[in-house]
Number of protein chains: 2
Amino acid sequence: MAAIRYSKQREAIRMYLLSTKSHPTAEVVYNNIKNEYTRISLGTVYRNLNLLVEQGEALRLDCGDGVDHFDGDTRPHYHFACQGCGCVMDLDMDPIDHIDQIAGAGFDGEIQGHRVLFYGLCPNCKK
Amino acid sequence: MAAIRYSKQREAIRMYLLSTKSHPTAEVVYNNIKNEYTRISLGTVYRNLNLLVEQGEALRLDCGDGVDHFDGDTRPHYHFACQGCGCVMDLDMDPIDHIDQIAGAGFDGEIQGHRVLFYGLCPNCKK
DNA sequence: TAAAATAACAGTAACAATTACTATTATTTA
DNA sequence: TAAATAATAGTAATTGTTACTGTTATTTTA
């Protein structure tokens, strides 16, 4: 059972994720929430981020830097990681689900999906 | 400077990576090498795996479980992670570099490449 | 071939990201 | 409004990985 109860802290975390496109880490979320909830604990941030991901209200992203990033935009979309400044951006592109067919062609198991991360230089670093 | 010298331990690690298709973690490599080199240290395994990756003699894989995996097959190829048993397999498929074009179409930065991980059920778990 | 130079080692300590624990506080239910 | 209990803050523990240190092995060169 263990019903999920409302908490101001979790709501603030949720709102912060929805307000930004920066794909923050738990640490960054923590630092921002602290402005409003001075006494919030980093453990609370981690626990609630995990909860939000479980509930489908946030995505956990692996951006290749060994640290978890989080995204309040749960619609399926692709990400880009800049090798220059380390920023993570959304890509505005059509789904490429056809690659699942390509992968499944010579494979006896079942392809259920894919995780893709594009990398290169962001518009700023390109200059 | 700092020429790279031969060492039995590194050679054993390299050979082990070449001998398996299981994409082992550092821990797994350590446990296997220990059979032959009883006194080898986990730190040595990590240092040499990093060295091999730097030298282009091995690949570091991110399989979505938060732990680094290593692959002695450095030819470009794609990987599959089973959601059932957690195994990681090679996929025999054509390169899908065209997705870089798709991603770059509406993007001002520079797409240099992509990291893809397919997931689903392996042949065994599918049954 | 033997000794000097130094890279690699084993073992251990440190580190950073994350999770677990515990007593207290807040939300919900009746 | 009070009892029940989920969530919190604060802290300790865990895990994967890297750094450090004194010792050992490989290489160079005399």
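Below, chains carry the letters A, B, ... as their sequence lines are ordered, and counting in each starts from 1. Every value quoted in this text rests on a predicted model; they were computed, and no experiment measured them.
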K.L.:
Using whole Å, report how far CG of B:Asn50 lies from C1' of D:dT18.
P.N.:
9 Å
K.L.:
Where do N or O atoms of nucleotides 25-30 of chain D meet protein N or O atoms at under 3.5 Å, pair by pair?
P.N.:
from: D:dT26; atom 1: O2; to: B:Arg5; atom 2: NH1; distance (Å): 2.9

K.L.:
Please determine whether a side-chain nitrogen or oxygen atom of B:Tyr46 lies at a distance below 4.0 Å from atom OP1 or OP2 of D:dT17.
P.N.:
yes
K.L.:
Any donor and acceptor pair, going by atom type alone, linking the side chain of B:Tyr78 with main-chain N or O of B:Ile96 inside 3.5 Å?
P.N.:
yes
K.L.:
What are the two closest heavy atoms between B:Asp62 and B:Leu117, and how far apart are they?
P.N.:
O-CD2, 4.1 Å
K.L.:
OP1 or OP2 of D:dT8 sitting under 4.0 Å from any side-chain N/O of A:Asn48?
P.N.:
yes
K.L.:
Using whole Å, report how far CG of B:Leu51 lies from P of D:dA19.
P.N.:
13 Å
K.L.:
Take A:Leu42 and A:Arg47, find for each the nucleotide of DNA chain C with the closest heavy atom, and name the residue whose nucleotide sits nearer the 5' end.
P.N.:
A:Leu42
K.L.:
Could you tell me how far apart A:Leu49 (CG) and D:dT8 (P) are, to the nearest whole angstrom?
P.N.:
11 Å
K.L.:
Atom CG of A:Asp65 to atom P of C:dT18: distance rounded to whole Å?
P.N.:
9 Å
K.L.:
Once you round it to whole Å, what is the distance between C1' of C:dA17 and CZ of A:Phe70?
P.N.:
11 Å
K.L.:
Using only side-chain N and O atoms of B:Arg39, determine if any of them is under 4.0 Å from OP1 or OP2 of C:dG11.
P.N.:
yes
K.L.:
Side-chain N or O of B:Arg10 versus OP1/OP2 of C:dA8: is the shortest distance under 4.0 Å?
P.N.:
yes
K.L.:
Rounded to whole Å, please give me the gap between CD1 in B:Ile4 and C1' in C:dT6.
P.N.:
14 Å
K.L.:
Step by step, work out the side chain to side chain donor-acceptor pair (under 3.5 Å) result for A:Asn50 and A:Arg60.
P.N.:
CA-CA 8 Å; A:Asn50 286 338; A:Arg60 184 194 314 275; 2.8 Å; yes
K.L.:
Identify whether any heavy atom of A:Gln9 sits under 4.0 Å from a base atom; if not, whether one sits that close to sugar-phosphate; answer base, sugar-phosphate or nothing.
P.N.:
sugar-phosphate
K.L.:
Grab the OH-P distance between A:Tyr30 and D:dT8 for me, whole Å please.
P.N.:
14 Å
K.L.:
Is B:Lys8 salt-bridged to B:Glu11, going by a charged N under 4.0 Å from an acidic O?
P.N.:
no
K.L.:
Is any side-chain nitrogen or oxygen of B:Thr44 closer than 4.0 Å to OP1 or OP2 of C:dA10?
P.N.:
yes
K.L.:
Main chain of A:Val88, side chain of A:His23: is a donor-acceptor contact present, judged purely on distance under 3.5 Å?
P.N.:
yes
K.L.:
How far apart are the C-alpha atoms of B:His98 and A:His98, what are their side-chain angles, what is the distance that settles it, and do they pass the ring pair (Phe, Tyr, Trp, His ring centres under 6.0 Å) test?
P.N.:
CA-CA 12 Å; B:His98 68 279; A:His98 69 279; 5.2 Å; yes
K.L.:
Find the distance A:Gln55:CD to D:dA7:P and express it as a whole number of Å.
P.N.:
10 Å
K.L.:
Kindly compute the distance separating CZ (B:Phe80) from CG (B:Asp92), expressed to the nearest 0.5 Å.
P.N.:
14.5 Å
